[in-house]
Amino acid sequence: MARLCASPRFVSRWRTDRSVLFSCLCLIVLASAAEAGLYTASDQIVLLSQRNVRSALVNSSAAMVVEFYASWCGHCVAFSPYYKKLARDIKEWKPAVNVAAIDCAEEGNNKVCSYDYEVRGYPTIKFFPAYSEADSTGRPYRDLRNLRHRIIDSLEAHKEPWPPACPPLEPISQAELDVFFETNNVQHLALIFEDVNSYVGREVTLDLLQFDNIAVRRVLKSDHSLVTKLGVTEFPSCYLHQPGGNFTRLRVNFEARAFYSYALQRLPGVVRSGNPPMVLTQIHTNSTEEPWRPFNRSRVYMADLESALHYSLRVEVAAFDVLEKDTLKALNKYVSVLAKYFPGRPMVMNLLKSLNSWLKNQTDNQISYEAFKQVLDNTAQVPHTALPEGVRWVGCQGSQPHFRRYPCGVWTLFHVLTVQANATGGSDHLEVLNAMRNYIRHFFGCRDCAEHFENMAREDLASVDSLQSAMTWLWFRHNRVNNRIAGALSEDPLFPKIQWPSPEMCPSCHTVSESGEHKWKKEQVLSFLLSYFSSSSILTDYLEDETQILEKQKEKHARQQEAAAARKHRERKAREALNSVTLPPSPSPAEEEEEEEEESPQDEAVAYEEEEGEEGAQAASEMEGKSSEPTSWVQTEMDLSRDRRQAPRFSRFAGMRFGKPEGNRGLPSIIGMRFREKRDDIVDLDSFVNQHFKDKALQLAASSRVKQRTLQTKVEQEPRPGFGLSMELDTALGMMGLQPVDVDLEGKGKRRQKRGLAGQYFRRETEMTHKGRWMSALSIGFSNLDISLCVVLYSLSAICLVLMYHFFKNRLKRRPVKIALA
Ligand SMILES: Cc1cc2nc3c(=O)[nH]c(=O)nc-3n(C[C@H](O)[C@H](O)[C@H](O)COP(=O)(O)OP(=O)(O)OC[C@H]3O[C@@H](n4cnc5c(N)ncnc54)[C@H](O)[C@@H]3O)c2cc1C
Ligand SMILES: *[C@@H]1O[C@H](CO)[C@@H](O)[C@H](O)[C@H]1NC(C)=O
Ligand SMILES: *[C@@H]1O[C@H](CO)[C@@H](O)[C@H](O)[C@H]1NC(C)=O
Ligand SMILES: *[C@@H]1O[C@H](CO)[C@@H](O)[C@H](O)[C@H]1NC(C)=O
């Protein structure tokens, strides 16, 4: 009771760090300012206070029913659920008669209640006719039982001016009926035949007052002319009268108010006031929107669930750069529930599970969304793991882009999760609902919705005591939301809010009490929920193909890698350019090796592949020269002499004498060349020899090498081995050794086959290109030995040149140093 009376301020709990939500939050603050008493803005009750009570009650075009209560009064607290229920029950009557409440226990209101409205005890409920005067104190109801009927009595007794929105409530006469369609511009007239004491006719009349194209009137059992004319024997019963003059009985599951109203609101041509009559074919005919996907309205679609996952994880959660404390907890719970109960395809489940275990392994108090996204997008390329990107609404399509979609997906998702938790026998019956509550509270973009949902959760989420009651709780609250927002701007006219499931969907779910009130058969509803949201009845229509999704993911990954490699490459270049302005050229071997480790060979290859022209090939050639020696010329040289092999490096050491760190390959030596040009002509020779030496010997081999690598990376990307280690090994062994460890057993055979083929192709091509190039370069007809000899001689002469050059260079350089020392 204290819980209800105290009604803590809801808004202060919301994090205000999102500037986007700021304006929404302001609205919530304003709205909740009046929410100190037993009712909230979620209750379909106008919340009155000393400030707005006059403007609400004086000269209103609708009659008003007002409860004067004190939040500390036990009676009032006990009565409040009934009052809320009444407000929901007659929500459609609002334009004619509205429901309000004022908390007289609040300081400022006290005087208003006792002096202006002469309230002596709590709760007091008064009826204020439409267009009441300022001094009107209202007519109190003595009997609070059957308030709905009392309100109808009050309306019937209403004096002029009659509330303009209120339809006539008196029985129709034969004379009126004869000219009805001449004087009323409607397609349907519903006649409800009933006993004089029955309220059904008048209730249905009021239930439909917000709908166009239909009128409802009651006919009394005592009106013999009409009763005999139609041969009516059952009371109540409903007949439809069309302009043509014929009468047809309205078929309903039960002859009761709820069923009449439901059926009449769904007649062809009957629409909520203000909504143009719409048919599906008119929609999406000329828009650039995606085409309409036909679907079965009484089924659940996996495409909606996956779309909801995508939107929540990639859009809503992404609103937070950093997740910490409550948001992190909420995310953790949400993902954990998804990993446990989401009935997804294996690919999606793999992703949810890896996401969940990643989150569980985070020990920091905060994580960045960026890091989360890496796992979400599977950048580690774990095989057969993906959450499709983008939305593809099917059962949640709306007739306009702003209708349904994501909120519909959220509801569906959580219904499915509660049902799945029940099916798999989860241990904590509040697990899913708490996860939902926290998700809605922290991430759901519709802040108004979040507030209302939190109000409901606070009210009685604690009453849930089993997995089954969790399912029914959500079903029941969802219906409450449907009731509240029926007819609101957010309602898709093509998908009107109903109390779900409809009598057509689940006839056995509905029944009526002795007094004719609609009642749910909870047992039937439960089993309906169980089958409707069960994993086996979820349709997979319109789902994107798994292989396609994985392919897309792979491509995206490759693009990102490429971009990253290119960026690295650019950065390195920039760094090099910077270094070479201040530093002498030729790199030190040590330095180069470090460079090497920084980038995986794969990255390099991709970067070069992207690059066009000599520079890339050159850089690749240099890299090749070091990292994998066994090109023919290096081998030969090694065989011949160690000293000579070191010769090219000599120049590098020479550069180091200045004690400056090295710039490296290619480009820097060219810049450095220019730098020294002014001082020394011989430097030209240095770089020339260096370049020439390397170029001539490596260019050809290199070009074929680049191809190999390209091929290698391509092959590498396609079939992914199961674990990182084997992948690395694989790369290191040039893909000729280990088989990939495939997690997916089905694809295993195929992949191996592919890979084997790729390996062969790779080797053969290497041989071919090598030989071919050398042949064409050195003319055909030479034996391998001849060629080797030529190469050796060529290398030797080059080395000689280098040695000579360095000898002279050193002699020259020593002089300026000596001078400086002197
Ligand atoms: C937590 C939450 C709170 C919201 N609060 C508001 C709000 O305060 N104001 C507002 O304007 N909008 C609110 N919305 C949005 C609103 O509820 C609808 O989601 C939205 O208007 C789209 O409606 P829809 O026609 O697609 O059906 P939805 O209400 O989204 O329902 C989706 C589907 O679930 C099924 N379904 C319907 N009712 C039930 C039920 N009782 N039990 C089980 N399944 C059912 C139906 O097949 C339906 O098509 C909220 C949404 C959520 C998720
Ligand atoms: C009451 O409202 C009507 C229109 O709704 C207006 O014409 C009339 O002047 C108002 N009367 C008073 C006393 O404010
Ligand atoms: C289709 O286009 C016409 C004008 O080109 C526009 O008036 C109409 O509203 C459009 N219909 C829809 C459903 O967008
Ligand atoms: C839609 O689904 C329901 C429930 O499975 C089924 O009875 C009905 O025949 C389906 N309707 C269509 C048009 O497929």
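One-based numbering, in listed order, for ligands and for the atoms of each. All values reported here derive from a predicted model rather than from experimental measurement.
Within a 4.0 Å radius of atom 7 (O) of ligand 4, the protein contributes no heavy atom. For atom 11 (N) of ligand 4, the nearest protein heavy atom is under 4.0 Å away.
Nearest protein heavy-atom neighbour of atom 2 (O) of ligand 4: Asn296 ND2, 2.2 Å. Atom 4 (C) of ligand 4 has its closest protein heavy atom at Arg299 CD, 3.9 Å. Atom 10 (C) of ligand 1 has Ile485 CG2, 3.5 Å as its closest protein atom, hydrogens excluded (heavy atom only).
At a heavy-atom distance under 4.0 Å, no atom of Arg405 approaches ligand 1. No part of Gln499 comes within 4.0 Å of ligand 1, judged by heavy-atom distances. Contacts between Tyr439 and ligand 1, counted as non-hydrogen atom pairs separated by less than 4.0 Å, are absent for every part of the residue.
For Tyr369 and Phe372, the ring centers sit closer than 6.0 Å to each other. Side-chain rings of Trp411 and Trp500 stay apart, their centers remaining 6.0 Å or farther from each other.
Residues Glu67 and Lys84 are not paired through a salt bridge, judged by the lack of any N-O separation under 4.0 Å between the basic side chain and the carboxylate. Lys340 and Asp428 are not joined by a salt bridge, as no carboxylate oxygen comes within less than 4.0 angstrom of a charged side-chain nitrogen. Ion pairing between a basic and an acidic side chain is recognised when a charged N comes within 4.0 Å of a carboxylate O; Asp377 and Lys373 show such pairing.
Around the NZ atom of Lys521, the shell of radius 6.0 Å holds more than 12 heavy atoms that belong to other residues, nucleotides or ligands.
Residue contacts with ligand 1: Asn479 is placed with a nitrogen or oxygen under 3.5 Å of a nitrogen or oxygen of the ligand (distance criterion only).
Put simply, the residue from His518, Glu504, Gln499 that forms a side-chain hydrogen bond (donor to acceptor under 3.5 Å, both in side chains) with Tyr262 is Glu504.
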